[in-house]
Every structure is written in C-alpha cells, then in structure tokens.
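Report on the structure given below.
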Amino acid sequence: MKKYDPKTLEPKWQQIWAETKLYEVDNDAQNKEYVLDMFPYPSGAGLHIGHVRNFSISDTYARYQRQHGKRVLHPMGWDAFGLPAENYAIKTGTAPQISTKQNTDNFRRQMQTLGFSYDWSREIDTSAPEYYRWTQWIFLQLFEMGLAYQAENLQWWCETDQTVLANEQVEAGKCWRCGNPVTKKPLKQWFFKITDYADQLLDGLDDLDWPEKIKLMQRNWIGRSVGAEISFELLDASFEKKIDVFTTRIDTLGGATFLVVSPELANTWLEAGWQADDEVKKYILDSLKKAEIDRQDTAKEKTGVNTGLNAVNPLTKTNIPVVVADYVLGGYGTGAIMAVPAHDERDYEFAQKFKMPIVEVIEPVLTQTTGSATFRHNEPAQDSHGVIALIKHWSQDKYIGLSWPDAGWGTLLTGGIDEGLTAEQTVRKEILEETGFRNIKVLRQIGTIHSKYYHEPKKANRFGHAPTFYVELENGERDQVSEDEKQKHEIKWLTKAELEGFLTATSHAQAVKMFEGQVYNGEGILKNSGDFSGQESALAREKMTTKFGRERVNYKMRDWLISRQRYWGAPIPIIHCPKDGAVAVPADQLPVELPELKDFQPSGDGRSPLAKVKDWLEVGCPKCGGPAQRETDTMDTFACSSWYFLRFINPHDDVQAWNKNDVDAWLPVDTYIGGAEHAVLHLLYARFWTKALRDSGHLNFDEPFKSLRNQGLILASDGRKMSKSLGNVIDPLDLINEGYGADALRLYELFIGPYDQTVAWNPNGIDGTKRFLNRVYAIVQEHLSQDSGFRIQDSESSLETALAIATNKTIKKVTVDLESYGFNTAVAAMMELVNEMYKLKVDLPLGSDAWRDNFKLLVQILAPFAPHITEELWQQLDGEGSVHISTWPAWDENLVKDDLVTIVLQVNGKVRSQIEIEAGASEDAVKKLAAADENLNRHLQGKTVIKTIFVPDKLVNYVVK
RNA sequence: GGGAGAGUGGUGGAAUGGUAUACACGGCGGACUUAAAAUCCGCUGCCUUUACGGGCUUGUGGGUUCGAGUCCCACCUCUCCCACCA
C-alpha cells in the first residue's frame with residue numbers, strides 16, 4: 001500500500017497546478033470574489049510562521065469560495081522598497097535591485113512550496129519601474145488636485161554624521177550614533193493633504209465590515225474634536241494683537257486664569273520682533289531643540305516661564321498672565337491654550353508649581369449610569385435638596401459608610417433638607433439621628449455636588465443638589481439610634497481606599513474625590529461665571545461659543561509627510577525650476593527611474609544619494625526649458641502600498657495604471673487579511689488614496705476594503721515573540737523539509753486556535769495534524785486495496801446510514817464554521833469524522849461504493865485546508881478534474897437531523913440522569929419515560945415538585961422543595 | 001493616565017442561557033514487534049466511594065434566572081493600542 005509522502009506528492013501537484021494554470025483568472029468579474037493578503041516586504045530572512053498563518057487563512061477562504069463556483073482573484077506581490085535593502089547596500093555595496101530580486105525569488109519559491117493558490121500571472125513588485133511609474137502618476141494626480149504640497153519643516157540634523165535623523169533617533173538632544181548634539185535644520189518636505197479627508201475617513205468607517213478594534217484605532221488616530229476658538233486680546237505687544245486658543249470646554253472660560261503658549265508659537269513672536277527677556281528666549285529655544293520624545297514624557301514635571309505679557313479674559317474682563325510651556329504642542333489647535341487649573345489636571349499641575357491662581361467654575365453634576373438608580377434621560381427630573389457628609393473618626397483615619405442591605409447600596413451620610421433648616425443644621429441633625437454621635441470637632445463645607453439619578457421607590461427621576469460637608473468627630477460619645485434607622489442601614493468605618501469600592505452612588509464617590517482635592521473635569525453647573533452662573537455645561541458651551549468665540553473642529557491627524565531622503569524608493573516626479581518652481585514631470589516621461597549607483601551613502605547635505613548623480617539630477621524645466629533639477633527625495637513606501645490592490649487587476653498594462661471598467665468590476669476587495677499592525681498606517685493611507693482617486697474621476701468607489709480580518713500573532717513556545725536574537729524562531733520551510741509537509745503545517749496553523757487570537761507555538765502540535773493526514777491517507781489506501789463493487793449485507797445498511805450521517809453532519813459543521821472563519825473548529829470536526837470512520841470500518845468493510853462516496857465528500861471539504869493530499873486522494877478515488885474546482889458538497893438535512901435525542905433530567909438545575917427518546921417528543925411523553933428513571937426518582941424522593949421546566953429535545957428540570 | 005480585549009484541565013483550546021472540559025498536544029496503560037520507532041485501541045479536571053453513586057470546579061466576590069463559562073455589578077491579573085491633542 002502507498003504511504004503518505006508529502007515530499008513527493010506536494011511538489012508533483014504544485015507543478016501540475018502551475019502547468020494547468022488552475023488558479024489563474026481572466027478579467028471577467030462575473031460572480032467575483034477578491035481575496036487579498038497584505039503583501040509582504042520580501043526580507044532576507046524569508047517567510048516566517050506568521051506569514052504562513054496569514055496566507056493559510058486567506059488561501060483556505062479563497063479555495064472555499066472557488067469551490068462555490070466563485071471567480072476568485074487571489075494575487076500576490078512584493079512591497080519591495082524599503083530601508084533594510086538600502087542599509088544592506090550601504091554595508092555591502094550590493095545594489096538593492098539585486099538583493100531585492102534574490103529575496104523576491106526566494107519568497108515566491110517558498111510560497112509555491114506551501115501550495116498557496118495565487119494567480120502568479122498577476123505578480124507585482126513595487127520597486128519595478130513598470131509599477132512605480134504609476135505610483136508616480138498617482139502622485140501627479142494628487143499634485144494636480146492640490147493634495148500634494150511642499151512645506152518647510154524643521155528637521156533634525158547631525159553635523160558630524162552629515163545626515164538627517166528621525167525624531168526617534170535623537171536622544172536627549174544628541175545623535176544616537178555619534179553622541180554629538182544635533183540641531184534643527186529647516187528642510188522642504190513633501191506632504192499629502194490627508195487632513196482634507198478627515199471627516200470622510202471617519203464617516204466611511206461606519207459601513208465597513210472591519211474589526212471594531214481597528215475602526216476605533218482609526219477614529220482615535222483621526223481624533224476629531226469639536227470645540228471653540230476664542231481670541232484673547234494681548235496687551236501692550238507690538239508684534240501681535242491677540243492670542244487664539246482652541247478649547248472643548250469653553251464653559252470653563254471663567255476659570256481661565258492664565259494662557260499657555262507653545263514654544264513654537266512663541267518663537268514666531270520672537271521672529272516678529274518680540275523683545276523677550278533672555279530667560280524667556282532661552283526657554284523657547286531650548287524647548288525647540290528638545291526631542292519630541294522628551295517633551296512628551298508625561299511623567300516629567302511641567303516646565304515653563306512667564307513672558308511678562310498679559311491678556312484679557314473676555315468673560316471676567318480681568319488681566320491674566322501669558323506663559324510659555326512645552327506641555328502645549330505647537331502642532332495642534334492654535335498652538336496656545338487657555339489654562340483652567342481648577343478643571344484640567346495638566347493646568348492644575350502647572351498652576352501648583354508656578355503659584356498661579358485657581359478658580360473653580362464648575363460644580364460637579366454626576367449622572368448615575370449603573371444599577372437601578374440609572375438616570376432615565378427621556379423622562380423629566382424633579383429637583384431635590386439634601387446634604388452629603390463625609391464623617392471622619394475621632395482617632396483613626398476612617399470614615400463612615402452606610403450599608404443599605406435591602407437596596408444593596410453603599411453611601412455616605414446623607415439626608416434631605418427640611419423647611420427652615422440650613423444645610424449645616426441638617427448635617428448636625430442627621431448625624432445625631434442616624435449615627436447617634438454627639439460631638440463634632442470640625443464641620444466644613446467642601447463644595448456642592450449635583451446628581452441626576454432615578455429614585456426607584458418614588459419611580460421618578462431626581463436632580464439632586466447637595467451641599468457637601470467634611471465632618472470630624474470629637475469623640476465616640478453617642479446617643480441611642482432608633483430601631484427604625486438601624487433597620488435601614490448599618491454604619492461601617494472604612495478607610496478611603498475601602499470607601500472607593502464601597503460607594504455605589506457616583507455622587508458620593510465624587511465627595512471623597514473632592515475632599516482629596518482632585519481636579520474635576522466633568523460636566524456640571526457653572527459658578528463664578530457672571531451671567532452664565534447656574535447654567536449647565538452643555539447649554540453654556542453653546543451660548544458662550546456664540547458670545548466669545550466661534551465653533552471649530554480639530555483633528556489629531558496631521559498631513560502625511562511622504563518625502564524620504566533615501567535612495568530605495570519611488571522618486572518623487574517633480575522638477576524644480578528657478579523660474580517655475582516645482583513642476584510636474586510630464587506623464588509621458590514617466591517613470592522617473594532610479595539611476596544605478598555604486599555609492600549608497602547619503603549625499604551629506606540632507607538629501608538622498610540621488611543628489612550626487614549629476615547627469616540624472618540636471619534636467620531641463622518641462623515648462624520653460626531652462627536648467628532645472630530633479631527632486632531627490634523618494635516617496636514613503638506606504639505610498640506604494642496605497643494602491644497595489646488596484647494594480648493586480650491590470651498588472652501588465654503599460655498604457656495606464658488600471659482599466660477603469662475592470663477595476664470597478666473587481667473592486668472593492670471582498671476579503672482583506674493581514675496583521676493589525678497596519679491599523680492606522682497602510683489601512684488609512686489606502687482609504688485616503690482611494691477617496692482622492694474617486695474625486696479625480698479615476699475610480700467609482702471610495703472604500704478599497706469591504707471586509708477586513710486580522711490574524712493573531714504566533715509566539716514562540718516560551719510565550720515570547722519569535723526573534724533571531726532569542727533563538728526561538730521556527731522556520732516553516734524547515735518543518736516542510738523535515739517531512740511534515742505543507743499540508744500538515746498549514747492545517748496546524750489553522751487548528752492552533754481562533755484565527756484572530758495570539759497563540760504560542762507548540763512544537764508537538766504539528767504532529768497532531770500530520771497524524772490526522774496520515775490517517776486520512778491510510779484509510780483511503782486500505783479502502784482502495786479492497787475488492788470493490790460488492791453488495792453489502794442487510795445487517796450493514798444501518799452502519800452505512802451511520803456513516804452517511806457522520807459525513808453529512810461534518811459537511812454542515814465545516815460549512816457553517818468556514819462562513820465565520822472558524823477554521824480551528826472545522827478541523828476538529830473533520831478529525832472527529834475520521835475517528836468515527838476508523839470505528840465504523842471495523843464492522844463495515846471498506847471497498848464499497850458507499851465508502852468511496854463518503855471519502856470523496858471528506859476529501860472535498862478538507863481540500864481548502866490541505867490542498868495537496870486531497871488532490872492526490874481525489875484522483876485516486878476517481879474524482880473528476882481537480883478537487884479544487886469541484887463543487888462544495890451540500891448536506892442532506894434529513895441525515896443531519898437526529899432521530900433520537902438525549903434528554904437531560906435535572907433536579908433544581910443539577911443533571912441527575914439522561915434518557916433517550918425520539919426527536920420532537922412531547923412534554924408528556926418525555927415525563928412519562930422519565931418517571932421510570934431510577935436515578936431521577938431517587939432525587940425526587942421525599943420532595944415536592946413545585947414546577948417543571950421542559951425544553952424540547954433538550955431537558956426537563958424538576959424544581960423541588 | 002485613557003481606550004480595547006482576554007482569564008476554562010499539565011498545555012493550545014471547545015461550548016445559540018440548557019449534559020462544562022469537544023478536538024489536539026502531553027501523560028499513563030494495552031496490542032503489534034526479538035526490541036525500538038511508527039501504527040492501532042483504551043484511560044486521563046479535582047475530592048470521595050469496592051462499586052452504584054455523591055460532592056466540588058470556567059480569575060475573585062456578589063446579583064439576575066428553574067438553570068450562568070455565557071447576562072448584570074464590583075474587584076484582581078494579563079495582553080494590545082494610544083498617550084500632555086486642551
């Protein structure tokens with residue numbers, strides 16, 4: 001009998017598939033399915049285990065769709081531009097063109113070894129001139145639309161190394177390589193105006209079938225915030241008349257006791273002629289030199305300096321000082337803020353340190369959002385007045401908490417204010433009544449807390465207003481507390497930490513925070529705000545925006561800086577002319593090809609090595625014909641990957657980037673699979689380009705990826721990330737060479753756990769899937785070695801039915817699971833079927849037509865997971881053509897339905913016995929049969945059955961006393 | 001600091017509110033073998049019982065329910081993302 005030998009079987013079929021072009025599709029997009037992998041950067045290390053997981057998921061899905069008669073486009077290519085190849089070139093002198101070619105050849109070979117069903121006729125390489133020609137063409141489209149622009153920007157520059165440094169490469173103001181101080185140099189950079197699309201990028205997310213997590217990350221990244229811009233009059237300054245600030249809390253304007261200006265904005269004042277003190281100048285210039293990383297260290301103490309300038313608070317009309325501090329960012333909003341230390345932690349921290357005034361303007365309003373007291377927003381609320389008191393023990397650092405056993409509440413001491421009593425009198429009265437304590441040492445109001453909640457006993461919303469007090473007891477002397485009060489609640493002495501978990505009402509928890517002096521940054525009722533005092537935040541914001549400022553929307557997202565002073569990228573197709581400025585390279589002159597180089601060192605003047613290639617650099621201006629120079633920056637590699645999914649449609653078209661009709665028919669991508677690490681880079685950029693190209697009329701759709709799935713990471717068996725330096729890397733090709741084969745490896749990676757979950761590699765796990773494939777192969781060989789065509793005995797027909805039932809149930813399970821990416825459970829189901837087949841073959845002789853039919857069904861549903869072995873077995877079982885284009889089997893609903901079901905008998909919810917009965921049996925029939933059950937009766941003996949719960953085909957639960 | 005997700009045997013994991021621990025790894029036992037490997041078969045959460053059976057168990061503590069791994073509340077732990085964005 002033949003043995004399962006993936007080493008000979010797999011290459012054989014890979015060759016046949018290639019020769020028959022089994023996985024190639026033409027551009028007829030009828031009944032199409034575009035299944036796309038995030039294409040890889042072809043590193044020198046080759047494919048890793050994580051790639052295999054990614055590609056196995058998409059390949060299984062693509063094959064499954066193909067077996068459903070879909071025309072599946074499943075292409076692969078190379079994101080080939082990038083730093084590693086260039087650094088390798090600097091080190092070894094090997095041109096990136098050469099090392100990249102070696103790497104892509106290696107990747108392709110490895111992928112073919114794994115048997116993925118890619119249409120290799122559509123392979124693309126972003127570093128090939130026939131590809132980046134069109135990347136450049138798209139750049140020019142954006143340039144024409146005004147979406148690509150140049151702006152002068154400060155860049156880190158190391159004089160010693162003669163190079164530009166990335167922000168991350170500057171440590172404490174020094175170059176990470178040589179340790180010498182770096183300076184900032186103004187350099188012209190290219191940007192894409194992605195911010196123009198901020199709202200569209202945000203809104204478009206709603207309709208995408210993407211993981212919520214990724215959508216949320218994009219939302220946060222875009223960071224839309226709606227607020228107001230206010231102008232503060234700047235006094236006695238010749239260089240500037242006003243300071244604009246952006247705030248989302250204009251309702252706290254009354255508490256704005258100073259303004260903070262970013263060093264970047266202050267620097268523009270210096271340039272405009274501000275005669276600042278030396279100390280101020282020094283602070284500004286030093287701040288600008290600091291690495292972003294240091295400035296953004298939230299752990300460090302706030303720094304800043306008073307400018308001596310004053311501005312006017314438009315609400316209070318008072319003069320407030322203007323300071324410069326680096327905790328305000330130059331690049332966000334207006335680069336200046338109004339500081340409200342009472343209601344912003346950062347401002348509070350600064351004010352504390354620099355002794356700035358702190359004015360409270362918001363009294364907290366807490367809205368109950370949990371439990372039975374949850375405020376009902378659509379119902380009216382009634383005002384109520386009461387007090388809250390935080391009462392401290394006379395000798396210990398403990399406080400009174402009231403535990404309400406009936407309601408399940410934990411509160412501080414609280415009570416309503418009676419007619420004629422002041423709040424303070426109420427506190428004294430309540431303390432005596434509810435706790436009995438007689439002597440009070442300290443009684444101090446710490447604020448007022450408002451709360452919106454639902455009053456369960458009264459069945460109505462309440463808007464409570466409570467002066468809040470801190471009380472310290474003198475001693476433990478106390479009166480008797482009435483039985484009535486004792487019934488309601490119990491007094492507990494708790495530490496502050498214990499109180500935190502104990503208090504169920506958010507307003508009471510707020511009282512503790514208030515006592516501790518915590519900054520309140522929530523919603524509330526205004527005070528110390530002139531005419532606006534007494535109003536609620538939300539309404540006050542509207543009115544104050546109209547009166548003092550104007551509405552403004554800000555985004556965290558910045559324009560996309562795409563120029564790189566690097567060689568190994570797509571050259572930016574621009575020519576700089578002294579007369580005409582930045583001029584687009586005419587489309588018929590594309591591509592602007594990368595010249596061949598011998599020396600890959602950067603030019604030394606902040607430009608890429610391209611600046612050294614004189615005959616490439618010097619060109620005539622396309623407009624005036626005069627002498628001009630090419631742009632020497634190349635594009636960020638993310639530009640190349642922002643449209644590759646379009647190029648797969650017409651990969652070899654040399655007159656256009658794509659054929660609009662073809663692309664409109666195939667796109668958007670139906671299923672996109674890749675890692676979550678691209679959440680806010682590639683996935684955002686690709687969406688932006690698609691929207692821009694829609695606006696330029698080149699596309700008819702504006703979202704490139706309809707459905708997205710992220711595969712989880714695979715960690716080493718020690719639970720750490722696989723890395724060369726840790727020596728815990730598993731090489732997929734090694735496993736194949738060891739004889740496991742591609743099928744067993746792919747199957748294991750699908751079986752290892754839910755596709756989107758991070759899992760640790762189990763070195764023995766692959767033995768399990770290899771064993772499973774062995775068993776499948778072996779049982780089919782045994783079957784084939786039997787005489788075929790014999791008639792079965794009557795006694796065997798029920799076994800044949802059992803076989804058909806097992807197979808059909810598995811077909812259903814695998815089908816349903818695959819629809820929801822349940823690869824691991826689908827594999828488990830097929831393992832169960834094979835285990836069942838091994839049991840059945842003991843009494844049901846192999847070799848019959850029935851066996852052959854069932855084996856063929858098994859082979860068909862296993863095919864997407866293990867393409868080689870199934871193709872071989874399909875052929876051995878006389879299947880027609882390739883199993884991979886055979887029709888996915890349907891299950892027979894009659895065989896899947898159970899005739900007999902097991903009914904569980906429970907007593908008070910505990911399983912006591914089980915009985916078998918025909919499916920659909922009535923409650924009476926089930927109970928009648930159950931009445932004879934010995935174990936059940938033992939548990940029912942001497943008990944009264946109060947009621948029974950009957951769930952058809954599932955259980956009977958006897959509730960007894 | 002903010003946000004998101006996750007905690008189930010020795011391990012990876014399974015389970016529309018209805019028999020928790022499917023499937024697999026590992027372990028133990030048996031068959032085959034001169035022997036080993038491979039293969040095939042069986043057992044494998046914990047405690048208790050000769051056995052039938054009984055008790056406990058899904059991070060912890062509460063709650064809802066006839067019934068909770070699953071729903072609600074609080075807490076603990078871990079992972080990921082963002083992080084002075086006003």
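Values below: all heavy atoms of this structure, side chains included; hydrogens, waters and symmetry mates excluded. Order of the sequence lines sets the chain letters (A, B, ...), proteins ahead of strands, with each chain counted from 1.
Atom CD1 in Ile861(A) sits 12.0 Å away from atom NZ in Lys813(A) (nearest 0.5 Å). Remark: Leu681(A) CG to Trp560(A) CH2 distance equals 9.5 Å, nearest 0.5 Å.
Applying the 4.0 Å criterion to OP1 and OP2 of rA86(B), one finds that Tyr327(A) has every side-chain N and O outside that range. OP1 or OP2 of rA24(B) lies within a sub-4.0 Å distance of a side-chain N or O belonging to Asn835(A). Remark: Arg219(A) is not in phosphate contact with rG3(B), judged by side-chain N or O atoms under 4.0 Å from OP1 or OP2. In this model, the phosphate group of rA86(B) is not approached by any side-chain N or O of Asn521(A) to a distance below 4.0 Å at OP1 or OP2. Proximity of Arg775(A) to the phosphate of rC40(B): a side-chain N or O atom is located under 4.0 Å from OP1 or OP2. Contact check, His939(A) against rG54(B): a side-chain N or O comes under 4.0 Å of OP1 or OP2. In terms of phosphate contacts, Lys770(A) brings no side-chain nitrogen or oxygen within less than 4.0 Å of OP1 or OP2 of rA38(B). A close approach under 4.0 Å does occur between a side-chain nitrogen or oxygen of Asn824(A) and OP1 or OP2 of rA14(B).
Tyr748(A) has its OH atom 6 Å from the C1' atom of rG12(B), to the nearest Å. Put simply, CD on Glu836(A) is 16 Å from P on rA22(B), counting in whole angstrom units. Spacing between atom OH of Tyr332(A) and atom C1' of rA83(B) amounts to 14 Å, rounded to whole angstrom units. Asp347(A) places its CG atom 12 Å from the P atom of rA86(B), with the value rounded to the nearest Å. A straight line from CG of Leu684(A) to C1' of rC81(B) spans 15 Å, rounded to a whole angstrom.
RNA chain B is contacted by both Val759(A) and Glu832(A); Val759(A) maps to the nucleotide lying nearer its 5′ end (nearest heavy atom per residue). Where Trp221(A) and Thr825(A) each meet RNA chain B at their nearest nucleotide, the meeting point lying more 5' is that of Thr825(A).
Asn554(A) comes within 4.0 angstrom of nothing in the nucleic acid, heavy atoms only. Note on Val904(A): a base of the nucleic acid sits closer than 4.0 angstrom, heavy atoms only. As judged by a 4.0 angstrom heavy-atom cut-off over every strand, Ser225(A) is placed among residues touching the sugar-phosphate backbone only. Within 4.0 Å of Leu216(A), counting heavy atoms only, lie sugar-phosphate atoms of the nucleic acid but no base atom. Note on Arg558(A): a base of the nucleic acid sits closer than 4.0 angstrom, heavy atoms only. Within 4.0 Å of Pro754(A), counting heavy atoms only, lie sugar-phosphate atoms of the nucleic acid but no base atom. Nucleic acid contact class of Leu955(A) (heavy atoms, under 4.0 Å, all strands): base.
Set against rG18(B), rC23(B), rC80(B), the side chain of Lys213(A) has rC80(B) as its closest nucleotide. Distances from the side chain of Val911(A) to the nucleotides rG18(B), rA86(B), rU19(B) place rU19(B) closest. Listed nucleotides rC23(B), rG55(B), rA86(B) differ in distance to Arg912(A); the shortest reach to its side chain belongs to rG55(B). When the nucleotides rG54(B), rA20(B), rA86(B) are ranked by their closest atom to the side chain of Thr247(A), rA86(B) comes out on top. Of the listed nucleotides (rC23(B), rA14(B), rC41(B)), rC41(B) has the atom at the smallest distance from the side chain of Tyr838(A). Closest to the Gln757(A) side chain, of the nucleotides rG53(B), rG13(B), rC23(B), is rG13(B). Closest to the side chain of Ala828(A), from the set rA22(B), rU39(B), rG54(B), is rA22(B).
Classification of Arg720(A) and Asp718(A) as a salt-bridged pair holds, one side-chain N sitting under 4.0 Å from a carboxylate O. Salt bridge Arg53(A)/Asp756(A): absent, no basic N to carboxylate O contact under 4.0 Å.
Residue-to-nucleotide contacts include a donor-acceptor pair under 3.5 Å from the side chain of Lys302(A) to the base of rC84(B). Checked by distance alone, Gln906(A) brings a side-chain donor or acceptor within 3.5 Å of a matching partner on the base of rG18(B). The base of rC25(B) lies outside donor-acceptor range of the side chain of Asn764(A), with no N or O pair under 3.5 Å.
Ring geometry for Tyr327(A) against Phe350(A) counts as tilted: the plane angle lies between 30° and 60°, on a 0 to 90° scale.
Rounded to whole Å, the P atom of rU39(B) lies 10 Å from the corresponding atom of rC25(B). Only the C1' atoms considered, rG13(B) is 31 Å distant from rC82(B), to the nearest whole Å. Across rG62(B) and rG55(B), the matching C1' atoms stand 23 Å from one another, rounded to whole Å. Nucleotides rG69(B) and rA31(B), compared at atom C1', are 39 Å apart to the nearest Å. rU21(B) and rU70(B) have their C1' atoms separated by 15 Å, given to the nearest Å. Nucleotides rC23(B) and rG59(B) place their C1' atoms 25 Å apart, quoted to the nearest Å.
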Practice prompt. Give the dot-bracket string for RNA chain B, reading 5' to 3', where a pair is Watson-Crick or G-U wobble with both distances under 3.5 Å, ( ) marks pairs inside the strand, [ ] marks pairs crossing earlier ones, | marks a partner on another strand, and . marks unpaired.
Written response: (((((((..(((.....[....)))((((((.......))))))((((....))))..(((((..]....))))))))))))....
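Under a cutoff of 6.0 Å and an axis angle of 45°, Arg709(A) and Tyr755(A) do not form a cation-pi pair. Judged by a 6.0 Å distance limit and a 45° cone about the ring axis, Arg746(A) is not positioned over the six-membered ring of Phe865(A).
Here the side chain of Ser537(A) pairs a donor or acceptor atom with the backbone of Gly524(A) at under 3.5 angstrom.
Within a 6.0 Å radius of CD in Glu916(A), more than 12 heavy atoms belonging to other residues, nucleotides or ligands are found.
The glycosidic torsion of rG9(B) lies within 90° of 0, placing the base in the syn range.
Between the side chains of Thr60(A) and Tyr821(A), no donor-acceptor pair is found at a separation under 3.5 Å.
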